[in-house]
Amino acid sequence: MNASPALPPFLAACRRQPTAHTPIWIMRQAGRYLPEYRKVREKVGFTALTRSPELAAEVTLQPIRRFAFDASIIFSDIMVPIEGMGVALEYAPGPIIAEPVRTMKQVEALRPLVPERDVPFVMEAIKLTRAGLPAHVPLIGFAGSPFTLFSYLVAGKPSKEFSVPRAFAQAEPEIFARLMDRLADAMIVYLRAQAGAGAQALMLFESWGGLLGPNDYRRIALPPVKRIFDGLKDLDVPLIYFANQCGGSLESIATLDVDVVGLDWRVSLGAARKILGPARAVQGNLDPAHLFAGPDVLKSRVDEVLADAGPGPGHIFNLGHGIWPETDPDAVARLVDYVHEKTARK
Ligand code: 1CP
């Protein structure tokens, strides 16, 4: 099979079509490991940055100027639409909610999201970024999954275990279900608006779903995710589900109607592909720690990921989670160049 000449490699890989090389981008590719990002952040706070279409477009484009990435992701945060729903929060650097949402009254008081009214700057940033990107670098729009957003809303701050929201989901099933519904409704309109503005793929971050056992995952995290993807399937854009630490729930994830499943480094891409089946591409899954290895060790770690993904189409190289702020940008350059070189096909 020849590589598709029409589609950028990232979009072709999402559709499991052959590509001239394995495409690569990395989660949090715009961020604090880049000196040019830190320079922008010296002058402007994170919230102001996400609300300025010009600055958001600028920091989205920074990693694209520096590295040969095959995709771009709009600079924003999963909590931006939550602020749009009327929840006061700040970043330090993770999201801190002024009044954690824990009552039915608070859930009902959330404003149904109207993206054009509540977060117009996101769509503006998408339009500006698209205009500044090369044609072969598609732009990804994104949102947080209901369970991940719920975790921050109820805990009120980042947490390793999210014990408060996990206990809440068990103790207050009615409030929990209503909140998850409200979040799913909002993320459907939010992602649709991003596609309308020019996002060429849509990604849902299930960053904390891995805290759930497989039965809870299937019972409480999966249904609203299914509803979100069902609400997007008429759009002609690939859908990506990043299932962080959800290796124990892959059988459930295999029932989702998505093009790509993003995986963290704790699972084998090959084993995951057996469960997810041939109809899905995979994205991942180098350990962000491996960017701290010397050049030769890094190459051998990359070789392991590529071997694990296998020779077939439908692999998008990425880290298994966001890049760490302490990472040397030169290691990223080596990573991108090596993935391209190693996977070059005629
Ligand atoms: O100080 C700063 O500059 C703020 C740090 C920061 C950045 C760079 C935050 C606060 N958000 C972001 C950008 C961001 N967040 C992007 C776009 C950049 C890119 O990928 O290039 C994206 C896609 C996100 C999504 C996001 N925010 C997720 C899902 C991805 C993941 O890492 O699992 C999550 C969980 C968040 C919450 C959040 N926002 C910010 C931080 C530091 C966090 C994590 C907090 C925690 O550890 O719980």
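Start at 1 and go down the list; that is how both ligands and their atoms are numbered.
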Under a 4.0 angstrom heavy-atom cut-off, which atoms of ligand 1 come close to S207? 29 (C), 30 (C), 31 (C), 33 (O), 35 (C)
For atom 41 (C) of ligand 1, what is the closest protein heavy atom, and at what distance to 0.1 Å? G94 CA, 3.7 Å
Could you check atom 15 (N) of ligand 1 against the protein and tell me its nearest heavy-atom contact, residue, atom and distance included? D77 OD1, 3.1 Å
Check for me, please, whether L61 and F67 land in the same ILVMFWY cluster - side-chain distances under 4.5 Å, paths through other members count. yes
Heavy atoms only, cut-off 4.0 Å: how does S159 contact ligand 1, side chain, backbone, both, or neither? neither
Give the atom numbers and elements of ligand 1 that come within less than 4.0 Å of a heavy atom of W208. 48 (O)
Is any side-chain N of the basic residue among R219 and D216 closer than 4.0 Å to the acidic one's carboxylate O? yes
Atom 35 (C) of ligand 1 - nearest protein heavy atom and its distance: Y152 OH, 3.3 Å
Test item: F150 and P146 side chains (from C-beta on) under 4.5 Å apart, heavy atoms: no
Compare W25, F142, Y37 and give the one whose heavy atom is closest to atom 22 (C) of ligand 1. F142
For atom 43 (C) of ligand 1, which candidate among R28, E206, M79, R41 holds the nearest heavy atom? R28
So for ligand 1, is H321 a polar contact partner (N or O within less than 3.5 Å, distance only)? yes
Any salt bridge (charged side-chain N to carboxylate O under 4.0 Å, His left out) involving residues 294-313? Give me the pairs, sequence neighbours left out, ordered by first then second residue. D303-K342
Looking only at side-chain N and O atoms, does S151 offer a donor or acceptor that is under 3.5 Å from a partner on T148? no
Does either side chain, that of H340 or that of D70, offer a donor lying less than 3.5 Å from an acceptor on the other one? yes
Give the single entry among A30, S76, G31 that approaches atom 17 (C) of ligand 1 most closely by any heavy atom. S76
Nearest-neighbour protein heavy atom for atom 34 (C) of ligand 1, which is reported as residue plus atom name and distance: I78 CD1, 3.5 Å
How are the rings of F46 and F75 set to each other: parallel, tilted or perpendicular (split at 30° and 60°)? perpendicular
So the atoms of ligand 1 within less than 4.0 Å of a heavy atom of R32 turn out to be 1 (O)
Between W208 and Y152, how do the two ring planes meet: parallel, tilted or perpendicular, split at 30° and 60°? perpendicular
Non-hydrogen atom of G322 closer than 4.0 Å to ligand 1: no
Tell me: protein heavy atom nearest atom 7 (C) of ligand 1, and distance? F46 CE1, 3.5 Å
Contact atoms of ligand 1, heavy-atom distance to P93 under 4.0 Å: 1 (O), 10 (C), 40 (C), 41 (C), 42 (C)
So which protein heavy atom does atom 30 (C) of ligand 1 come closest to, and at what separation? F205 CD2, 3.3 Å
Enumerate the residue pairs fulfilling side-chain hydrogen bond (donor to acceptor under 3.5 Å, both in side chains) with a member in residues 97-112, sequence neighbours excluded, ordered by first and then second residue. T103-Q106, E108-R178
Taking atom types as modelled and ignoring hydrogens, do the side chains of T19 and R345 form a donor-acceptor contact shorter than 3.5 angstrom? yes
